[in-house]
Amino acid sequence: MGSQFDLEILREKIAGLIRDALARGQAEGSIPAELPEYEVTIELPRRSEFGDLACNVAFRLAGKLRMPPRKLAEKIAAWIELDPEGELDRVEAAGGGFLNFLLKKRVWGSVLGRIQKERGAYGDSSLGAGQRVMIEFVSANPTGPLHVGHGRGAAVGDSLANLLSVSGFQVWKEYYINNVGRQINLLGQSVLARFQERFYPGSGLDEIINGMPAVEFPADGYQGSYILDLARNLTKQPADFWPPPERAREEWIRAIGVYAGQSVLQGIKDDLERFGVVFDRWVSEEEIYRSGKVDQVLAELEKKDYLEKREGATWFKSKDAFGEEKDRVLIRSTGEKTYFASDIAYHREKFARGFDQIVNIWGSDHHGYIPRVRAAIQALGYPAENLKVILIQFVNLLRAGKPVSMSTRSGEFITLAELVAEVGRDAARFFFLFRKADSHLDFDLELAKKQAPENPVYYVQYAHARVASIREEARRMGISFPFPEWDLGLLTLPEEQVLLRQMAWFPNLVRESARALEPHHLTAYLLELAGNFHRYYHDHRVLPSKKTREVQRSGEGQRSKVEGQSQNDRGEKDLEPEKISNQDERERNFEPGELKLTYARLALCDSIQVVIKKGLDILGIQAPEKM
RNA sequence: GCCCCUGUAGCUCAGUGGAGAGAGCAAAGGAUUCCUAAUCCUUGGGCCGCAGGUUCGAUUCCUGCCAGGGGCGCCA
C-alpha cells in the first residue's frame with residue numbers, strides 16, 4: 001500500500017532541499033553569503049513533460065545575483081542532495097530556469113492509500129483552526145417568493161459553509177429577515193387592497209369587510225400572483241385575526257402585512273429546504289428591535305460622539321470620522337429608524353457573539369452599502385477587516401436564447417421554486433456554482449434541463465455512478481473490498497498518473513478555495529477529474545475481461561492472446577504473472593497478474609469516486625450510485 | 001460625475017507573474033463482441049478589449065482609455 005502520501009509535506013520537503021542547496025552554494029562561495037529575501041514555492045506544472053513538481057526560485061534570485069536564471073537553476077540542481085530512500089527520483093534545470101522535480105514511479109500511487117484510509121475526510125484540513133465563522137446569506141425580504149438571483153446566493157452561501165466547515169472552521173449560517181418598515185407595509189396594503197377588490201361580495205366575511213377601512217392598491221404595490229393567493233387565504237382566517245373595525249387604517253395594513261410576511265417567509269423556508277439549504281438561525285429585524293439592541297447601539301454611538309442631529313433627523317457621522325462619501329441617516333425626521341440602524345445593531349450582535357469572521361453574501365446592488373457598515377463596525381470598536389462581503393452578481397436567465405425578465409415588482413419573474421421544479425436541484429446548484437460569484441451569470445434553462453452530455457452536472461454525476469457500476473460488476477465477479485493487497489506500482493499508464501496527481505492536488509484545491517471563499521473552483525476541478533476518468537475508462541479495462549477468462553480456462557495460447565489484447569495498455573504488458581500469496585477462492589478464476597492489476601485499478605476508481613463525492617458534497621449536489 | 005463587476009475561440013465561460021493559452025457548446029466526421037454510448041476520439045478555430053508602466057518575463061499586477069452590466073435615497 002505504501003506510505004501515507006501528503007503533498008503538502010512533500011512540497012515543504014522540496015522547498016527545504018532548495019534552501020539547503022542555496023546554503024551549500026553560499027558555503028562554497030559560488031553565490032553571496034547575503035541573499036535577499038526570497039520565497040520558495042513548489043507548484044504542480046501545467047504540462048506533465050515539465051516534471052511532477054516545479055520551482056521557479058532561480059528566476060526570483062537571478063536578477064539579484066546577476067546570473068542568468070537558467071545557469072542558476074543548473075547550479076541549484078547540482079547542489080541539491082536527494083535522499084536515495086525518499087520520494088524524489090531526480091531534479092533537473094529546464095526551460096529558462098525552472099527546477100523540475102521527478103518523483104519515483106510509485107509516489108503518486110501512494111495517494112490512494114491516503115484516500116482509502118481517510119475516505120470522506122479526504123480534503124479536510126485544519127486551515128480554520130477552529131475559528132468561528134458566521135455566514136449570513138439569502139436574507140431576502142419576506143415580501144415575495146425567492147427568485148433565481150436569491151437561488152444563486154443560497155447556493156454560494158451554502159456551499160461556502162460546507163467548504164469552510166471541511167476546512168476546520170466552525171460555521172454558523174444565518175438568515176436575516178427584514179420584516180420591519182415600509183416594504184412590509186406595502187405588502188400589507190397590496191394584499192388588503194386585492195382582498196377588497198376580489199373578495200368583498202359573498203365571502204361570508206361581510207361584517208368584517210364592512211368594518212374595515214377602504215384601502216386602495218398602492219402605485220408601487222406588489223404585483224405577483226402570490227399576492228392574490230395571500231388575499232384569498234385571508235378568507236380562511238379566524239374572526240379574532242382581524243383588527244377591531246374602529247382601528248386605524250395603518251393598524252389594519254400592519255396586521256395584514258405581518259400575516260402576509262409570515263406567510264411569505266414560510267414559503268421561503270420551504271423553497272430553501274427543497275433546495276437543500278438549512279440555516280442554523282433565522283433572525284428577524286423585528287426581534288432585534290424588540291430586544292432593545294437598536295436603541296442600545298444608537299446610545300453607544302451617541303456616547304462615542306458619532307451621531308449628529310440635523311434637519312430633524314439623526315445622522316451617523318461617517319463622512320468626517322471614516323472618510324465615507326457622506327453621513328448616513330439612522331433616525332428619520334419622522335422618528336422611524338432606518339434599515340441601516342437595525343443592521344448596525346445586528347452586526348454588533350454578530351461580533352459580540354464571538355465570531356472570528358463574518359461573511360455576508362449580498363446582491364451586487366449592495367456594494368455601495370459596504371463602506372458604511374464597515375464604518376459602523378469600526379465605530380463600535382470591532383475590526384472591520386473581519387467582515388468579508390461576497391457580492392453576488394446578477395443572474396441572466398435565458399430561455400430559448402431570450403432573456404427572461406426578473407423583477408419582483410412587475411410580477412414577471414421566475415421563482416427559485418419554479419427553477420428547481422424545472423431543472424432540478426442538482427443542476428440548479430451546479431450552474432449557480434459554475435462561475436465566480438461576482439461575475440455575471442448566464443443561466444440557460446434549456447441547457448440545465450437537458451439530461452444530455454452537454455450538461456456538465458450529469459457529466460460529473462455520471463462519473464460517480466460509473467464507478468459504482470464497476471464496483472457492482474466486480475462484486476458479481478467475486479471481487480470486492482477489501483482486497484488482499486494492491487500494488488500501486490502497477491498504475492503506470494500516463495492516464496493513471498494524471499488521475500493520481502490530480503487527486504493528490506485535491507486537498508490543496510479545497511484549502512485554497514476556502515481561503516479565497518470561492519467554491520466555484522470545485523466545479524471546474526470536478527469536470528476535469530470526471531473527464532479524465534471517462535477517457536481512462538473508455539481506453540482501459542478496470543476489471544478482467546471475459547475474453548481473458550475464456551482464454552485462461554481453455555488453457556491454450558493464452559499469453560500471446562492476452563498480450564495482443566492489451567497492446568495499447570503499456571502498463572499491462574510489463575506485468576509478470578508472479579504468484580500472489582493470498583489464497584482467495586476468486587483467484588482461481590483469474591490470471592494472477594491480471595487480478596493484481598484489477599485490484600490496483602479498482603482502488604484507483606474507488607478513490608476517484610471518493611473525491612468526486614467529496615467535491616459534490618461540498619457543493620451540495622447529490623452523488624448518485626445509479627443514473 | 002463617483003464607485004463595484006465584467007471584457008480570453010463563433011457562443012457561454014474557466015485559468016495563470018513564467019515553459020506552444022483551456023473546457024463545454026456549436027460545426028464536420030468517426031468509435032460499442034465484455035466494466036452504463038448520460039461515454040470517447042479526430043478536425044478546424046485566439047492581437048487573452050486598447051495603450052502605456054512595473055518585471056529577467058504580463059493574458060495575469062498597476063495606471064489611463066474604450067465597451068457592457070449594476071450601484072450611488074430621511075428605500076430595504
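As judged by a 4.0 angstrom heavy-atom cut-off over every strand, A:Phe434 is placed among residues making no nucleic acid contact. The residue A:Ala54 sits close to a base: some heavy atom pair falls under 4.0 Å. Backbone-only contact: A:Lys436 has heavy atoms under 4.0 Å from sugar-phosphate atoms and none from a base. Counting any heavy atom pair closer than 4.0 Å across all strands shown, A:Asn56 reaches a base atom. Counting any heavy atom pair closer than 4.0 Å across all strands shown, A:Asn185 reaches no nucleic acid atom.
Ring pair A:Phe50/A:Phe98: centre-to-centre distance not below 6.0 Å. Aromatic ring centres of A:Tyr306 and A:Phe322: separated by under 6.0 Å. Outside the 6.0 Å centre-distance limit, the rings of A:Tyr175 and A:Phe137 are not counted as a close aromatic pair.
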- Check the pair A:His520, A:Phe434 against side-chain contact (heavy atoms from CB on, under 4.5 Å), reporting the backbone distance first and the verdict last. CA-CA 6 Å; A:His520 77 279; A:Phe434 209 5; over 6 Å; no
- Item | Residues A:Met627, A:Tyr458; criterion side-chain contact (heavy atoms from CB on, under 4.5 Å); working and verdict | CA-CA 9 Å; A:Met627 288 178 79; A:Tyr458 292 102; 3.5 Å; yes
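The listed nucleotides are B:C35, B:C5, B:G15; the one nearest the side chain of A:His520 is B:G15. With B:U39, B:U12, B:A19 as the candidates, the nucleotide lying closest to the side chain of A:Ala94 is B:A19. Nearest to the side chain of A:His538, among B:A14, B:U39, B:G68, sits B:U39. The side chain of A:His521 has B:G15 as its nearest neighbour among B:U6, B:A37, B:G15. For A:Arg535, taking side-chain heavy atoms from C-beta onward, the closest of the listed nucleotides B:C41, B:C35, B:C5 is B:C41. Distances were taken from every side-chain heavy atom of A:Asp442 (C-beta onward) to each of B:U12, B:C34, B:U39; the shortest belongs to B:U12.
Rounded to whole Å, the separation between the C1' atoms of B:U8 and B:G15 comes to 10 Å. For the C1' atoms, the distance linking B:U54 with B:U43 amounts to 42 Å, nearest Å. Comparing B:A14 with B:C62, their C1' atoms are spaced 24 Å from each other, to the whole Å. For the P atom pair drawn from B:G64 and B:A9, the interatomic distance equals 25 Å after rounding to whole Å. Taking atom P on both B:C65 and B:G73, the two are 24 Å apart, rounded to the nearest angstrom. With both ends at atom C1', the span from B:C34 to B:C48 equals 46 Å, rounded to whole Å. B:A58 sits 13 Å from B:A21 when the C1' atoms are compared, rounded to a whole Å. Taking atom P in both B:A26 and B:C11, the straight-line distance is 15 Å, to the nearest Å.
The nearest whole Å value for the distance from the NE2 atom in A:His540 to the P atom in B:C35 is 17 Å. What separates CG of A:Asp438 from P of B:C5 is a distance of 7 Å, to the nearest Å. The interatomic distance linking A:Leu527 (CG) with B:C13 (C1') rounds to 12 Å, in whole Å. For A:Gln502 and B:G22, the CD to C1' distance is 13 Å, given to the nearest whole Å.
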- Could you summarise the pairing of RNA chain B as dot-bracket text, marking Watson-Crick and G-U pairs under 3.5 Å with ( ) or [ ] inside the strand and | across strands? (((((((..((((....[...)))).(((((.......))))).....(((((..]....))))))))))))....
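For the pair A:Arg90 and A:Phe101, the cation-pi test (distance below 6.0 Å, angle within 45°) is failed.
The OG1 atom of A:Thr143 sits 8.0 Å away from the CD1 atom of A:Ile227 when rounded to the nearest 0.5 Å.
The only option from A:Ile31, A:Val91, A:Leu22 that meets the side chain to side chain contact (heavy atoms under 4.5 Å, CB included) definition with A:Ile76 turns out to be A:Leu22.
A distance cut-off of 5.5 Å between ring centres, combined with a plane angle under 30°, places A:Phe50 in a stacking arrangement with the base of B:A19.
Residue A:Arg476 qualifies as enclosed at atom CZ: its count of foreign heavy atoms under 6.0 Å is above 12.
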- Query: With the sugar-phosphate defined as primed atoms, P, OP1 and OP2, and the base as all remaining atoms, what B/S/- string results for nucleotides 71-76 of chain B, 5' to 3', for protein heavy atoms under 4.0 Å?
  - Reply: SSSBSB
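Where A:His534 and A:Leu99 meet RNA chain B, the nucleotide closest to each residue was compared, and A:Leu99 sits on the side nearer the 5' end.
A heavy-atom distance below 4.5 Å is found between the side chains of A:Arg152 and A:Leu441.
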